[in-house]
Amino acid sequence: MLGLAKGLGYTLRRLTEKKVTYRYPDVPVKMPDRFRGIQHFDPDKCIVCHQCERICPTQCINLTGKPHPDPTKKGKVIDTYDINFEICILCDLCTEVCPTEAIVMTNNFELAAYSRDELFKDREWLAANNTNVRSENSTNLLPGGKKS
Amino acid sequence: MAVRTEELLLNVGPQHPSTHGVFRLVVKLDGEIITDAQPVIGYLHRGTEKLAEDLTYTQIIPYTDRMDYLSAMTNNYVLCHAVETMMGIEVPERAEYLRVIVMELNRIASHLLWFGTYLLDLGAMSPFLYAMEEREKILDLFNELCGARITFNYMRVGGVKWDAPDGWIDKVRDFIPYMREQLDGYHKLVTGNEIFLRRLKGVGKYDAQTAIAYGLSGVNLRCTGVRRDVRKDEPYSIYDRFEFDVPVATEGDCYARYLLRMEEIRQSLRILEQAVAQFPKEGAVMAKVPRVIRPPAGETYVRIEAPRGELGCYIHSKGKDKPYRLKFRRPSFHNLQILPKLLIGENMANLVAILGGIDIVLGEVDC
Amino acid sequence: MAHWLSQPLSWTTAAVFLASAVAMLLVVLLFVTYAIYFERKVIGWIQLRRGPNRVGPYGLLQSVADVLKLLVKEDVIPDRADRTLFILAPVIAFVPAFAVLAVLPFTETLHFADLGVGLLYYVAVSGITTLGILLGGWASNNKYALLGGMRSVAQMISYEIPLVISVIGVVLLAGSLNLKEIVAAQSGGFWNWFFLKQILGFAVFVVAALAELNRTPFDLPEAESELVAGYHVEYSGFRFAFFMLAEYVYVFAMSALATVLFLGGWHPPIESLGFVPGLVWFALKFAFCVFFLFWLRATMPRVRVDQLMTFAWKVLLPLALLNLFLTALVKELVA
Ligand code: SF4
Ligand code: SF4
């Protein structure tokens with residue numbers, strides 16, 4: 001019987017404690033800077049090296065390049081860049097390997113949609129998703145453990 | 001006229017509130033006594049091991065997150081540890097400390113979730129939410145460290161992805177006394193509760209012999225008096241630098257398992273305390289590793305102590321950047337094997353207590 | 001009310017009775033609405049949550065919204081169910097719940113039927129609900145529902161016995177089965193309330209009442225983690241609402257009964273506080289009983305089914321008998 005009474009006392013004491021839940025949709029939740037949300041893509045920085053496409057464990061990035069419009073310059077520029085958020089697991093590997101930080105993480109996490117089609121994000125959408133971009137990027141993973 | 005009785009075939013699951021995921025148990029009942037129990041698994045099978053044969057080692061790490069999703073850090077670690085062992089990579093000090101800190105935090109989070117859901121299975125609702133609140137604090141710490149709350153993808157071959165942000169270590173330090181206090185509260189709320197005791201004491205009992213024969217590990221083994229903890233017996237990482245006890249019990253019942261898990265939280269806090277105190281002021285968190293990770297041809301098996309038991313990783317490499325064969329020894333899968341033996345002859349009412357007491361995670365069972 | 005009850009039956013009295021019954025029904029419905037709200041709030045607070053807060057100011061309309069949702073939901077009757085019984089079961093479960101309210105006195109003047117055997121009536125009528133639950137479990141043609149229904153019946157029948165025997169002590173002391181007279185016997189300060197004189201009986205009563213109500217820690221019939229939802233697993237829409245309603249009306253009735261039998265009904269704890277109306281005292285004690293139920297729910301795990309039965313027969317029943325025996329003995333010696 002004592003155990004039951006102790007338990008009752010414990011719950012009664014917690015009755016008046018401060019509540020811990022978030023008022024989420026009313027008050028937005030601030031995620032820490034490193035949070036891995038939906039990516040932001042900067043087409044101007046991309047050098048079409050295909051590293052992000054290759055590292056992606058779920059193969060959800062699709063990109064194509066085209067020759068540089070200015071014939072005097074070498075290399076390619078990005079033509080299309082799509083991420084399929086049906087299967088993206090936000091694992092952070094694409095942003096980790098990108099040598100130019102063309103693809104970076106943001107803190108935006110609201111991905112819910114009524115249709116699967118809306119989860120297919122193209123270059124324009126990703127470029128427009130430019131708020132709350134993560135300030136730190138993963139350069140500390142370069143060989144030798146150089147810190148940014 | 002004799003009363004005609006019939007066996008009742010009951011499908012518990014795959015969607016049932018207390019099977020903790022998609023697990024199905026086909027039980028035959030004679031009244032309320034279980035005469036046969038057949039676990040059916042595989043609903044969550046994703047073929048991680050097969051998929052891994054087509055992925056580079058770095059790409060496999062996010063997949064390990066999804067095996068035991070309650071303790072992704074230990075899964076991350078076992079893979080990195082295996083590759084590092086094969087390639088003979090020396091992991092920097094600071095990275096090792098970070099790894100131990102996150103693994104122990106994750107162990108606490110995992111045990112907390114077990115505590116909460118177990119009590120929920122037994123019909124008490126509040127402990128679940130209390131445990132969730134404490135777990136939330138840990139997840140917030142993880143979120144700040146690596147940007148994710150469940151699927152961390154934090155460790156890399158040769159170190160960790162992120163160094164601790166400013167003030168993070170202090171937050172971990174502050175968490176320790178807070179967690180101790182909450183733990184005392186749990187004991188007040190639950191441990192002495194007579195209803196709780198009567199539901200657990202002597203339920204799901206087995207002895208050391210059986211446990212070993214079934215290949216149980218972790219708390220499920222230690223509750224029978226076998227003092228086996230990979231962290232102590234074959235220290236990996238830097239576990240040999242910390243002082244901690246391996247709690248054991250001899251009763252071998254659900255109550256012993258409950259007490260052990262609660263005690264393990266306390267021991268993890270002890271490790272954390274020491275790790276935070278010894279945490280190196282600076283240093284790299286990533287070793288010099290080749291850009292493309294190609295372990296030399298050969299085989300390796302490493303094991304670590306995950307919250308649920310002995311977690312092993314076997315890699316067979318042919319010297320390529322992808323494993324030839326990868327195999328995880330998942331403790332939940334092995335621990336689950338004893339379930340039919342424990343259930344047969346038991347009262348139906350003990351089913352959830354026994355199943356919950358084993359502490360399985362379906363992501364890991366089905367892998 | 002007493003005035004009306006003593007009149008010969010005429011159109012006026014019938015109209016008054018009808019009107020007061022409807023008023024009572026409304027009061028009870030209001031109580032159920034806010035009891036659910038309050039329960040969720042209290043449990044939420046204990047669990048460091050806020051509880052319902054989206055519908056209406058402070059979530060006050062949450063229960064209303066829930067009921068509306070249940071009412072407009074599709075009414076599903078399983079194909080293999082026994083249709084007639086399936087439809088009948090919620091009614092059988094609910095009607096007695098409301099019928100027992102007739103004998104509960106709330107103050108000296110505010111009461112309905114003034115039966116000489118009020119207590120007996122309560123116990124007898126409330127037993128019918130068990131039938132509704134069993135029928136519901138049986139008619140659903142679902143294994144979980146059947147197990148839940150059977151557990152529930154076994155539990156309710158086993159606990160009815162200690163419940164009744166525990167209140168006989170009160171009856172002995174008050175010398176009446178009439179609930180009004182039982183309250184009258186407790187006047188003059190809280191030391192006259194029966195929960196003190198009948199401390200053992202009170203303890204047995206509380207435990208047995210919890211089991212009768214199917215509330216935590218005896219909420220086995222609807223043990224979510226074992227039986228998914230128990231006897232009403234196949235019910236949806238307003239039929240489900242009826243089961244829920246019956247449950248909460250019984251919370252109302254049982255709390256009122258506990259107040260009447262053991263907590264002195266409308267009497268103030270000290271004579272000098274008599275200026276506060278009796279209804280307020282009644283409401284306070286009643287509210288405490290209800291709160292206690294919620295508080296327990298937020299604290300306790302569930303009792304195991306076989307232990308539940310042994311507990312009823314091997315612990316509660318002997319205790320209740322002992323209480324009866326002691327009461328009779330004391331009454332004989334003292335009086
Ligand atoms: S976050 Fe991971 S899964 Fe998503 S696009 Fe980048 S690499 Fe692919
Ligand atoms: S890794 Fe960066 S630069 Fe290379 S293709 Fe991807 S986004 Fe462009």
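Hydrogens, waters and symmetry mates are skipped; everything else that's a heavy atom, side chains included, is used. Bear in mind the structure is a predicted one, so any value in this text is a computation, not a measurement. Below, chain A is the first sequence line, B the second, and so on; all start at residue 1.
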Student: Rounded to the nearest 0.5 Å, what's the gap from CG on B:D184 to OH on A:Y10? Could you check?
Tutor: 9.0 Å
Student: If you count heavy atoms of other groups shown closer than 6.0 angstrom to OH of B:Y324, is the number above 12?
Tutor: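 Counting neighbours around OH of B:Y324, 12 or fewer heavy atoms of other residues, nucleotides or ligands fall under 6.0 Å, so no.
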Student: What part of B:P92 lies closer than 4.5 angstrom to a heavy atom of chain A: side chain, backbone, both or neither?
Tutor: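 Neither; nothing under 4.5 Å.
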Student: Can you tell me which of A:R14, A:M31, A:M105 forms the most heavy-atom pairs within a distance under 4.5 Å of chain B?
Tutor: A:R14
Student: To the nearest 0.5 angstrom, please state how far the CD1 atom of A:I89 sits from the OH atom of B:Y63.
Tutor: 6.0 Å
Student: In Å, rounded to the nearest 0.5 Å, how long is the span from CD1 of B:I61 to CG of A:D92?
Tutor: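 One gets 12.0 Å once the value is rounded to the nearest 0.5 Å.
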Student: Rounded to the nearest 0.5 Å, how far apart are CZ of A:R54 and CD of B:Q59?
Tutor: 10.5 Å
Student: With sequence neighbours excluded, tell me which residues meet salt bridge (Lys or Arg N to Asp or Glu O under 4.0 Å) with B:E84.
Tutor: B:R99
Student: If you tally heavy-atom pairs under 4.5 Å against chain A, which of B:A95, B:G192, B:G158 wins?
Tutor: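 Heavy-atom pairs under 4.5 Å are most numerous for B:G192.
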Student: Checking B:L145 against chain A: side chain, backbone, both or neither under 4.5 Å from a heavy atom?
Tutor: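 Both the backbone and the side chain of B:L145 come within 4.5 Å of chain A.
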Student: Can we say B:E144 and A:R34 salt-bridge, meaning some charged N sits less than 4.0 Å from an Asp/Glu carboxylate O?
Tutor: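 No.
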Student: Just how far is it from atom NZ of A:K6 to atom CG of B:L189, taken to the nearest 0.5 Å?
Tutor: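 The distance works out to 11.0 Å.
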Student: Using a cut-off of 6.0 Å, state whether more than 12 heavy atoms not belonging to A:K19 lie near its atom NZ.
Tutor: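 Above 12, so yes.
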Student: Got a second to check how far B:N153's CG is from A:R36's CZ, nearest 0.5 Å?
Tutor: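 The CZ atom of A:R36 is 5.5 Å from CG of B:N153, to the nearest 0.5 Å.
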Student: Assess the residue pair A:T11 and B:Y130 against the criterion (side-chain contact (heavy atoms from CB on, under 4.5 Å)); give the C-alpha distance rounded to whole Å, side-chain angles, the decisive distance to 0.1 Å, and a yes or no.
Tutor: CA-CA 10 Å; A:T11 41; B:Y130 295 148; 4.0 Å; yes
Student: Verify the neighbour count for atom CG of B:D166: are there more than 12 heavy atoms of other residues, nucleotides or ligands below 6.0 Å?
Tutor: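 Check fails, neighbour count at 12 or below.
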Student: Counting only heavy atoms closer than 4.5 Å, note whether B:D140 contacts chain A via side chain, backbone, both or neither.
Tutor: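 For B:D140, side-chain heavy atoms alone lie under 4.5 Å from chain A.
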Student: For residues 110-125 of chain A, which residue pairs pass the salt bridge (charged side-chain N to carboxylate O under 4.0 Å, His left out) check, not counting sequence neighbours?
Tutor: A:E86-A:R116
Student: Tell me which of these, A:G7, A:P57, A:C91, has more heavy-atom pairs under 4.5 Å with chain B than the rest.
Tutor: A:P57
Student: Side chain, backbone, both or neither: which part of B:E133 has a heavy atom under 4.5 Å from chain A?
Tutor: side chain
Student: Which bit of B:T191 comes within less than 4.5 Å of chain A, counting heavy atoms only: side chain, backbone, both or neither?
Tutor: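 Neither; nothing under 4.5 Å.
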